[in-house]
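See structure below.
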Amino acid sequence: MPASLPMTNDHSDFPRRIVCLTDETTETLYLLGEQDRIVGVSGYATRPPEARRKPRVAAFKTAKIDAILDLKPDLVLTFSDVQAEITRQLVLRGATVFNFNQRSIAEILDMIVVLSRLVGKQNDGQALVQQLLGGLDEIKTSAQAFPHRPRVFFEEWKDPLISGIRWVEELVEIAGGQVIFPELAGCGKAQDRVVDPSVVAARDPEVILASWCGMKVNKALIRSRPGWSSTSAGRNEHVYEIKSTYILQPGPASLTEGVRQVHAILAHVVGVQVAPSLRPKEKMDPLVL
């Protein structure tokens, strides 16, 4: 590096006006204590609740490009191929964009480390990663008390029927379940995880977990599918909803509240009490209470 441009640890060297177009980067920056850098968020931002006071400039697949640029960001954070067109438009308009693409627990943790570096908080990012890993280990240890690991189908969408993305399936396993479509967990694109309802019924899930992004789950519809009322989950009424903001956010929410809710549901199914320190902190499916 030229002598005229020395490296420094000055906090102001890092992006100071960040627009986060998905919930997980918003929550991560808050957890790092860097929320003052956020000048705009997604309309779906819910964690923490105070994030909703920030200007909302995007949905998930669409964004108000002019409104984003009016905020004069020095960094915009986007996610995956779903926001590829948003990313393209912003780049064409001269914005600096970082597009994350995490699909597994390991990649979520990598996202946190990278984002912490982008704002000069690498040590805090590493500490957050260790905290999250510790929480997952506690859940995994608690699940060892289960008398058996129930078979679980995670329904990410209803029509077409889509099974869980990789980080969700990994969390189900950590929480004490046995996923019924392990061969699909590594498929990043939703269209590659479309399953036939009759195959789900044939694999006889003992628990059905459903999370429809942006829509309340209709349990009656789920139970009414041909053959589903005869599955173990259908006969024993083990069909549960987990809000997408907790489990379909590829960030801290899924590794904390999301996995806690999965664990609490599975513990309820197998008749095991969950330690108070591991219970969910947010409202969840009333059938578990």
Does [Y] offer a backbone N or O that forms a donor-acceptor pair with the side chain of [X] under 3.5 Å?
X	Y	result
D192	C187	no
R223	S229	no
N218	L221	yes

Do you know the tightest heavy-atom contact between [X] and [Y]?
X	Y	answer
P15	L118	CD-O, 3.0 Å
S142	H263	OG-NE2, 2.7 Å
V274	R279	O-NE, 3.0 Å
E156	I165	OE1-N, 3.1 Å
I105	W167	N-CB, 4.0 Å

Can you see whether [X] engages [Y] through a side-chain donor-acceptor pair at a distance of less than 3.5 angstrom?
X	Y	answer
S42	T22	no
T245	T46	yes
H238	S232	no
E257	Q261	yes
N101	S80	no
Q178	H148	no

Test: [X] and [Y] ion pair at under 4.0 Å:
X	Y	answer
D285	K243	no
R151	D204	yes
D81	R103	yes
K140	E170	no
R16	D36	no

Please say whether more than 12 non-hydrogen atoms of neighbouring residues, nucleotides or ligands are located less than 6.0 Å from [atom1] in [X].
X	atom1	result
Q191	CD	yes
E85	CD	yes
Y246	OH	yes

**Asked** What's the spacing between R47 CZ and Q249 CD if we round to 0.5 Å?
**Response** 6.5 Å
